[in-house]
J.: 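Sharing a structure here in C-alpha cells format.
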Amino acid sequence: MLSERILEVLSLLPGATLETLEMTFMSTIFACLLGFPLGVYLYGASPEGFAPRPVLYNVLSRIVNLFRSIPFIILMILLIPLTRLIVQTSIGPTAAIIPLSIAAAPFVARVVETALSDVDLGVITAARAMGSTSFQIIRKVLIPEAMPALVSGLALTIINLIGYSAMAGAIGGGGLGDLAIRWGYYRFRTDVTIGAVIVILLLVETVQILGTRISQQLLSKR
C-alpha cells in the first residue's frame with residue numbers, strides 16, 4: 001500500500017515539474033527582455049549614470065518600486081484580463097507566463113541597475129576619453145564588467161520565479177504549486193505536497209549552485 005502511494009506520487013511529479021520548468025524558463029526570457037533594457041536605462045538616467053535625467057529617473061524608479069511592491073498573487077489576478085487577451089485563457093502554465101514575466105521584469109531592472117552601478121567609474125571615464133559612444137560603453141565596458149553580478153542576479157530572478165510559479169498554482173497556474181494544492185492540500189494527501197516541495201527545493205538549490213559557480217568562474221577570468 002505504501003509503495004503504491006509512493007509510485008503514485010512519483011508518477012505525478014514529472015509532468016508538474018516540466019510545467020514549472022516551462023513557466024520559469026519562458027518567463028525568465030520575457031522578464032529579461034523587458035527588464036534588462038529598463039535596468040540599463042535606469043542606470044544611465046540615474047545621477048551617477050552617463051546621461052543623468054533626475055526627473056525621468058525618479059518617475060521610472062517609483063514605477064518599478066510600485067510593481068515590485070504588489071504581491072504576486074494579487075498582480076496575477078489584476079492581470080487576468082491582459083492574460084486572456086494575449087493567450088485566450090487565464091488558467092494553465094501558458095497563461096501564468098504573462099504575470100510571471102511582468103512580476104519579474106522590475107526585479108530584473110533593479111538587478112541590472114545595481115550591477116552596472118558597481119562598475120568602477122574610472123573604467124567608464126577611460127572609455128569616454130577614448131571616444132566611445134554611450135552604446136559602446138554599455139556593450140563593451142559596462143556589461144562585460146558587470147557580468148558576474150548579472151549572472152548572480154539572474155540566478156536570484158529564476159529562484160524568485162520558481163517561487164512565484166508555485167504561488168500561481170493557487171489559481172490554476174499549473175506546475176508543482178498546482179499539484180501541491182489541488183492534489184495534496186485539497187485531497188489531504190500530505191505525501192503529494194511534500195513531494196512537490198522537495199522538487200521545488202531541489203530546483204532552487206540547483207539554480208543557486210549553478211549561478212554561484214558561473215559567477216565565480218567569470219570573476220576568476222578577469
Side-chain angles (χ1 to χ4, degrees), residues 1-36 71-77 79-80 82-105 107-108 111 150-217:
M1 184 67 179
L2 181 60
S3 61
E4 290 180 0
R5 291 175 69 91
I6 293 175
L7 289 174
E8 183 183 3
V9 173
L10 292 177
S11 68
L12 294 171
L13 289 174
T17 303
L18 287 177
E19 289 182 350
T20 294
L21 291 174
E22 175 193 353
M23 289 188 288
T24 303
F25 178 74
M26 295 303 299
S27 56
T28 298
I29 292 176
F30 290 127
C32 289
L33 290 175
L34 293 171
F36 191 88
F72 174 71
I73 194 72
I74 296 176
L75 180 64
M76 190 171 183
I77 294 172
L79 292 175
I80 284 178
L82 176 63
T83 302
R84 284 177 176 164
L85 178 66
I86 295 174
V87 297
Q88 309 303 315
T89 182
S90 61
I91 59 174
T94 303
I97 291 172
I98 306 300
L100 284 171
S101 303
I102 294 175
F107 183 83
V108 172
V111 165
L150 290 174
V151 170
S152 296
L154 179 62
L156 289 176
T157 301
I158 295 173
I159 290 171
N160 280 338
L161 283 171
I162 292 173
Y164 286 165
S165 70
M167 283 189 280
I171 54 175
L176 291 165
D178 180 64
L179 178 67
I181 294 171
R182 187 160 53 90
W183 283 81
Y185 179 73
Y186 290 157
R187 302 189 183 191
F188 304 100
R189 291 288 303 273
T190 306
D191 52 344
V192 174
T193 302
I194 292 175
V197 170
I198 290 174
V199 175
I200 291 173
L201 292 176
L202 289 174
L203 291 176
V204 169
E205 189 65 21
T206 300
V207 172
Q208 185 64 68
I209 292 173
L210 288 175
T212 301
R213 287 185 178 179
I214 295 173
S215 180
Q216 289 175 345
Q217 288 178 356

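Computed from a predicted model, the values in this text were never measured in an experiment. Along the sequence shown, residues carry numbers from 1.
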J.: Ignoring hydrogens and angles, write down the donor-acceptor pairs under 3.5 Å from the side chains of residues 159-173, residues two or more places apart or on other chains.
T.:
residue: S165; atom: OG; partner: L161; partner atom: O; Å: 3.3
residue: S165; atom: OG; partner: I162; partner atom: O; Å: 2.7

J.: List the steps, then state whether side-chain contact (heavy atoms from CB on, under 4.5 Å) holds for T20 with I200.
T.: CA-CA 9 Å; T20 294; I200 291 173; 5.8 Å; no
J.: Could you name each residue pair satisfying side-chain hydrogen bond (donor to acceptor under 3.5 Å, both in side chains) that touches residues 201-212, not counting sequence neighbours?
T.: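 Qualifying pairs: Q208-T212.
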J.: Taking atom CD1 of I91 as the centre, report whether more than 12 heavy atoms of other residues, nucleotides or ligands fall under 6.0 Å from it.
T.: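 Atom CD1 in I91 is not packed in, count stays at 12 or less.
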J.: I need the L34 CG to S27 OG distance, nearest 0.5 Å.
T.: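 Between atom CG of L34 and atom OG of S27 there are 11.0 Å.
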J.: To the nearest 0.5 angstrom, please state how far the CG atom of L100 sits from the CG atom of L79.
T.: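 If I round to the nearest 0.5 Å, the distance is 10.5 Å.
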J.: Search all heavy atoms of G175 against all heavy atoms of M23 and return the closest pair with its distance.
T.: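 Taking G175 first and M23 second, the nearest heavy atoms are CA-CE, 4.0 Å.
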J.: Side-chain contact, heavy-atom cut-off 4.5 Å: T89 with R84?
T.: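 With C-beta onward as the side chain, the pair stays apart.
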J.: Working to the nearest 0.5 angstrom, can you tell me the gap between L176 CG and I181 CD1?
T.: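 One gets 11.0 Å once the value is rounded to the nearest 0.5 Å.
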J.: Got a sec, which residues hit ring-ring contact (aromatic ring centres under 6.0 Å, His included) with F30, two or more places apart in sequence or on another chain?
T.: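 Partners of F30 under the ring-ring contact (aromatic ring centres under 6.0 Å, His included) test: none.
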J.: For the atom pair CD1 (I158) and CG (L203), what is the distance rounded to the nearest 0.5 Å?
T.: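 With rounding to 0.5 Å, CD1 (I158) is 11.0 Å from CG (L203).
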J.: Which heavy atom in T28 sits nearest to a heavy atom in T24, and how many Å separate them?
T.: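 In this case the closest contact between T28 and T24 is OG1-O, 2.6 Å.
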